[in-house]
Amino acid sequence: MIDIKLLREKPDDVRAGFERLGASVDLEAVLLLDARLRDLKSESQTLQAEQNRLSKEIGRQAAGEEREQAKAAGTAVKAKIEALAGALAATEAALEEKLLELPNLPHPSVPTGKDDSQNVVLREEGQKRSFNFAPQPHWDLGTKHGIIDFERGVKISGSRFYVLKSWGARLQRALITYMLDLHTEKHGYTEIYPPYMVKRECLVGTGNLPKFGENLYRDAEEDFWFIPTAEVPVTNLYRDEILEHTALPIRHVAFTACFRREQMAAGRDTRGIKRGHQFDKVELVKFVHPDNSMDELSNLLSDAEDVLKGLELPYRVVQMCTGDLSFSAMAKFDLELWAPGQNEWLEVSSCSNFGEFQARRTRIRFRDGAEKGKNRFVHTLNGSGLALPRTLIGVLETYQRADGRVDVPAVLRPYFGGITILGST
RNA sequence: GGAGAGAUGGCCGAGUGGUCGAAGGCGCACGAUUGGAAAUCGUGUGUACCGAAAGGUACCGAGGGUUCGAAUCCCUCUCUCUCCUCCA
């Protein structure tokens, strides 16, 4: 949620920001509602003050004519307040609704662009492996070894579900443990194991609702929503709290399953395990002081990169242009690893700075040590560190041998009890 | 799932219709005292919105109702605790 004061005081700056996004938003309507709400509020507050004054007076009076008159006056004021109440509540709700649907404003450093074609590849890290044979895509490797069972996944859960088996499942588990160990031991994150189902307000807090409900699964009878990412429960951990500035930055890492409806056109990304309705992810979430959140974003990105560096998987860093920024993000960088079998870059991480956009929606503030009495919103950041299925693809395809067996990356060997080669010829 | 009890400020805890944004204590901050500290004493100490300020408005789990007036009365919901039941 953007700051209504900012819109009120610098409407042209806000308008320019949304134009860079290519978003068409009716700011006039918002400003109109805001002005109307302020009028109604001030009118209502004046009446309430009058009501309070009368009530106190009545309290002091003894029973009698005067007291009855004062009571009658009180009834009249009460009627006026009630007459205003409907319009006040409706205006407040209408403004809230509009504000919740406004996207975040882009950070000045974000390049202007209309869509993903104008994203900027900042750098490529690591050397793509050269093969003296044709590398197989992971779906062939997975089927050959019996470690990815697509047919049975579809049988039990439907399309876009699969089953990992044997050392395929173990490889994924090794990757999860490796990532959690790396972030907790080397990068200073505290591990969180959150619920996978959350209340609606959590999703409003992160920006998934009210606009993107069609991407989410939910329980039909109760207010339970399946998380599309650990970002949702972990960001909401401190909802409605005022933190001490000395507690910042807070760094959390969480492993969870993620659930997404993925109502995209049939036929896209249907092959393999690249995109499913359920997938695992290790997620990094930070709550930081607003003055250095962009530096914190760089650090977060570097923490995510370390996972790929450790695994010795080549990747590239892509900066999102304004047109490809997500709803809640003010700046965003993606990490894409190279999958030699299917011959494409795969997005395995998305690291964003949300500024105070989510903090405002979740009311996460901190007491600023510098300015006494001033409570400010924290900045929230998060990034995948990393998404499991695609990292698994990267390992399978990059570490495959000509005979189809797969080498265990050095950093994963501690999790494999001495095994260094997976599969049989 | 059944029965009962409860939800007040950072924490504990008083408050059953008016002068209560809320006693008291703890904690915390600042000051006094001290060579320094402990102890002691004094002052201060919730959040949001409106206002240049003075000040005003709202909030005592949430929502609704009664009343001129609600932390206090009524209704609904949520959550917590105890006992029983069940269970990984």
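Chain A is the first sequence line, chain B the second, and so forth, proteins listed ahead of strands; every chain is numbered from 1. From a predicted model like this one, the values you see are computed outputs, not experimental measurements.
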Of the listed nucleotides (B/rC50, B/rA58, B/rG18), which one gets closest to any side-chain atom of A/Arg8?
B/rC50
B/rA62 and B/rA71, which share atom name C1', separated by this distance in whole Å
15 Å
Short side-chain N/O contact to B/rU57 OP1/OP2 from A/Asn52, under 4.0 Å
yes
Tell me the interatomic distance from A/Ile81, atom CD1, to B/rG56, atom P, rounded to whole angstroms.
16 Å
Checking B/rU67, B/rG46, B/rG18 against the side chain of A/Lys78 (C-beta onward), the nearest is B/rU67
B/rG35 and B/rA29: how far apart are their C1' atoms, nearest whole angstrom?
25 Å
B/rG69 phosphate, OP1 or OP2, under 4.0 Å from A/Gln51 side-chain N/O
yes
In plain terms, say whether A/Arg15 and A/Glu28 are close enough for a salt bridge, that is, a side-chain N and a carboxylate O under 4.0 Å apart.
yes
Take the protein atom CZ of A/Arg376 and the nucleotide atom C1' of B/rU47, then report the distance between them rounded to whole Å.
18 Å
With heavy atoms under 4.0 Å as the rule, sort A/Gly59 into base, sugar-phosphate or nothing.
base
Between B/rG69 atom P and A/Arg53 atom CZ, what is the distance in whole Å?
15 Å
Heavy-atom closest contact (A/Glu191 atom, A/Leu180 atom, distance):
OE2-CD1, 3.5 Å
For a quick check of understanding: with a heavy-atom distance under 4.0 Å over all strands, which category does A/Ala49 fall into, base, sugar-phosphate or nothing?
sugar-phosphate
Only one of A/His379, A/His245, A/His289 passes ring pair (Phe, Tyr, Trp, His ring centres under 6.0 Å) with A/Phe366, and that residue is A/His289
Which of these nucleotides, B/rU57, B/rA48, B/rC68, is closest to any side-chain atom of A/Asn375?
B/rA48
Between P of B/rG69 and CD of A/Gln69, the distance in whole Å
18 Å
Using both distances under 3.5 Å as the test, list the Watson-Crick or G-U wobble partner of B/rA22, or none.
none
Identify which nucleotide among B/rG56, B/rG69, B/rU47 has an atom closest to any side-chain atom of A/Ser55, counting heavy atoms from C-beta outward.
B/rG69
Rounded off to whole Å, could you give me the CG-to-P distance for the A/Leu54 and B/rG56 pair?
15 Å
Applying side chain to side chain contact (heavy atoms under 4.5 Å, CB included), name anything that partners A/Glu66, two or more places apart in sequence or on another chain.
A/Gln61
A/Arg53 atom CZ, neighbour heavy-atom count above 12 within 6.0 Å
yes
How close or far is atom C1' of B/rA48 from atom CD1 of A/Ile4, stated in whole angstroms?
16 Å
Kindly point out which of B/rC68, B/rU57, B/rU47 is positioned nearest to the side chain of A/Arg365?
B/rU47
A/Arg271 side chain to A/Pro137 main-chain N or O, any donor-acceptor pair under 3.5 Å?
no
Using a 4.0 Å cut-off on heavy atoms, which residues in residues 33-43 of chain A reach RNA chain B? List them by number, or say none.
A/Arg38
Can you tell me, in whole Å, how much space there is between the C1' of B/rG24 and that of B/rG13?
8 Å
Measure CD/A/Glu82 against P/B/rG64 and give the value in whole Å, please.
13 Å
Distance-only donor-acceptor test, A/Arg67 side-chain atoms vs B/rG69 base atoms, 3.5 Å
no
Send over the distance from A/Leu88 CG to B/rU57 P, rounded to a whole Å.
16 Å
Derivation of the salt bridge (charged side-chain N to carboxylate O under 4.0 Å, His left out) call for A/Lys186 and A/Asp306
CA-CA 10 Å; A/Lys186 304 267 166 56; A/Asp306 280 350; over 6 Å; no
Identify whether any heavy atom of A/Glu57 sits under 4.0 Å from a base atom; if not, whether one sits that close to sugar-phosphate; answer base, sugar-phosphate or nothing.
nothing
Interatomic distance, NZ@A/Lys98 vs CG@A/Leu27, rounded to 0.5 Å, equals 11.0 Å
Which listed nucleotide (B/rU47, B/rG56, B/rA58) is nearest to the side chain of A/Arg367?
B/rU47
